[in-house]
Amino acid sequence: MFHVELVDEQWDVAGAVARVFGERKALAEAYHASLASDGVVRGLIGPREVPRLWVRHVLNCGVLGELVGAHESVVDVGSGAGLPGVPLAIARPDVRVTLVEPLLRRSVYLQEIVDSLGLDNVTVVRGRAEDGGVVKEAGGADVVTSRAVAPLEKLARWSLPLVRVGGRMLALKGSSAADEISRDRAALARLGAGKLEVVECGTETLPVPTVVVSAERMAQHGRRHR
């Protein structure tokens, strides 16, 4: 199951899966298998991503648990195929995760995978993050996370209404993270986001660490624009 994703001979995929998911690694393996099969058939994962599902997707998201406190509530905005919310929920069964996804076919898949894996710490909510019903149902979270959904400013407009004051937005980004903060810092401040920083997780587990933009919701913010 693991040999196709050896990045180099020093990196052990099976060992990384065991470190990140512990006793729940079988759930992570079942999720990986679903993405590699059903996820491709249903257009949720590109076929070219299958050989690198562990390192670029499942493990890349699972290590986000390093940044989430005990028993915190997490909302995953634009969850898609469940990334990063499902790996996070597997790695951290103490954390309550809400997967927010507007598209029906994706939300149906999410509910199916949650049910099949028995993830009783996960709730699926169909809708857009900015919808009033979603804010009412999922708002007040300790953490709102997302992955490759939108530029940072737009992401903050969607995410911050779901975060409690003093909570955090954790946006999984790539090498552009620092540049996005520099570009959008003033706009983020107007939205009520502060303490902006780029953090890495999985530094001792992954060949390439997961890069995350962290922002704290400092105050109530103004009107949201799409």
Side-chain angles (χ1 to χ4, degrees), residues 1-8 10-22 24-40 44-68 72 74-93 95 97 99-101 106 109-110 113-114 117 119 122 143-152 155 159 168-178 180 197-215:
M1 175 177 288
F2 300 105
H3 68 281
V4 295
E5 290 190 58
L6 289 176
V7 175
D8 57 51
Q10 278 75 46
W11 193 65
D12 174 18
V13 180
V17 172
R19 286 192 296 274
V20 173
F21 299 106
R24 289 160 66 87
K25 67 178 183 178
L27 294 178
E29 291 167 3
Y31 177 55
H32 174 279
S34 175
L35 291 178
S37 55
D38 205 24
V40 174
L44 304 174
I45 292 291
R48 293 183 180 180
E49 293 303 304
V50 172
R52 49 195 181 187
L53 275 175
W54 279 120
V55 63
R56 292 194 59 178
H57 299 284
V58 182
L59 285 165
N60 177 268
C61 294
V63 296
L64 187 64
E66 297 174 10
L67 306 181
V68 178
E72 286 195 311
V74 179
V75 176
D76 176 15
V77 170
S79 190
L83 302 164
V86 171
L88 173 62
I90 294 172
R92 292 288 306 278
V95 170
V97 179
L99 309 177
V100 175
E101 171 54 49
R106 293 176 180 171
Y109 172 79
L110 291 174
I113 199 68
V114 166
L117 297 180
L119 299 178
V122 180
V143 175
V144 174
T145 188
S146 57
R147 182 174 186 256
V149 173
L152 194 56
L155 192 56
S159 299
R168 289 109 56 218
M169 178 180 78
L170 300 177
L172 278 68
K173 291 286 185 179
S175 58
S176 66
E180 287 200 52
E197 60 177 332
V198 177
V199 294
E200 293 184 342
C201 45
T203 56
E204 298 181 1
T205 303
L206 302 179
V208 179
T210 300
V211 178
V212 179
V213 172
S214 175

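Every heavy atom of this structure was used, including side-chain atoms; hydrogens, water molecules and symmetry mates were not.
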query: Looking at L44 and R106, what are the two nearest heavy atoms and their distance?
result: CD2-CG, 3.4 Å
query: V40 and P47: which non-hydrogen atoms are nearest, and at how many Å?
result: CG1-CG, 4.0 Å
Distance (rounded to the nearest 0.5 Å) between Y31 OH and H57 NE2: 9.5 Å
- request: Check whether any side-chain N or O of E101 sits under 3.5 Å from a backbone N or O of G80 as a donor-acceptor pair, and report yes or no.
  value: yes
- prompt: Can you list the residues that meet the salt bridge (charged side-chain N to carboxylate O under 4.0 Å, His left out) rule with R24, with sequence neighbours excluded?
  reply: none
task: First locate atom OG of S146, then atom CG of L170, and finally report the distance between them rounded to the nearest 0.5 Å.
output: 8.5 Å
field: Side-chain touch V122/V86, heavy atoms, less than 4.5 angstrom
entry: no
task: Quickly, which of V213, V212, V211 forms a side-chain contact (heavy atoms from CB on, under 4.5 Å) with V199? Name it, please.
output: V212
field: Check: D76 side chain, L99 main-chain N or O, donor-acceptor pair, under 3.5 Å
entry: no
- prompt: Considering all heavy atoms of both residues, which atom of I113 and which atom of S34 are nearest to each other, and what is their separation?
  reply: CD1-OG, 3.5 Å
task: Check whether any side-chain heavy atom of V68 lies under 4.5 Å from a side-chain heavy atom of R92, and answer yes or no.
output: yes
task: Go through the steps to decide whether L119 and V97 satisfy the test side chain to side chain contact (heavy atoms under 4.5 Å, CB included), and finish with yes or no.
output: CA-CA 10 Å; L119 299 178; V97 179; over 6 Å; no
message: Which heavy atom of L172 sits nearest to which heavy atom of C61, and what is that distance?
response: CD2-SG, 4.2 Å
query: If you look at every heavy atom in A91 and G62, which pair is closest and at what distance?
result: CB-O, 3.9 Å
field: Aromatic plane relationship, H32 with W54 - under 30° parallel, 30 to 60° tilted, over 60° perpendicular
entry: parallel
task: Mind listing the closest non-hydrogen atom pair of L88 and L64 along with its distance?
output: CD1-C, 4.2 Å
task: With sequence neighbours excluded, tell me which residues meet salt bridge (charged side-chain N to carboxylate O under 4.0 Å, His left out) with E72.
output: R168
task: May I ask you to check whether T210 and N60 show a side-chain donor-acceptor distance below 3.5 Å?
output: yes
query: Counting distance only, does the side-chain N/O of R56 pair as donor-acceptor with the main-chain N or O of E49 below 3.5 Å?
result: no
query: To the nearest 0.5 Å, what is the distance between CD (E200) and CG (L206)?
result: 10.5 Å
message: I want to check something: taking the side chain as every heavy atom from C-beta on, are I90 and L117 in contact at a cut-off of under 4.5 Å?
response: yes
query: Got V77 and V144 here, is their nearest side-chain heavy-atom distance under 4.5 Å?
result: yes
field: Atom pair CD1/CG of I45 and L83 - distance to nearest 0.5 Å
entry: 5.5 Å
field: Evaluation steps, side chain to side chain contact (heavy atoms under 4.5 Å, CB included), between T145 and V75
entry: CA-CA 6 Å; T145 188; V75 176; over 6 Å; no
- request: Nearest 0.5 Å please: distance from the OG atom of S79 over to the CZ atom of R147.
  value: 10.5 Å
query: Can you check whether G202's main-chain N or O pairs, donor with acceptor, with E66's side chain at less than 3.5 Å?
result: yes
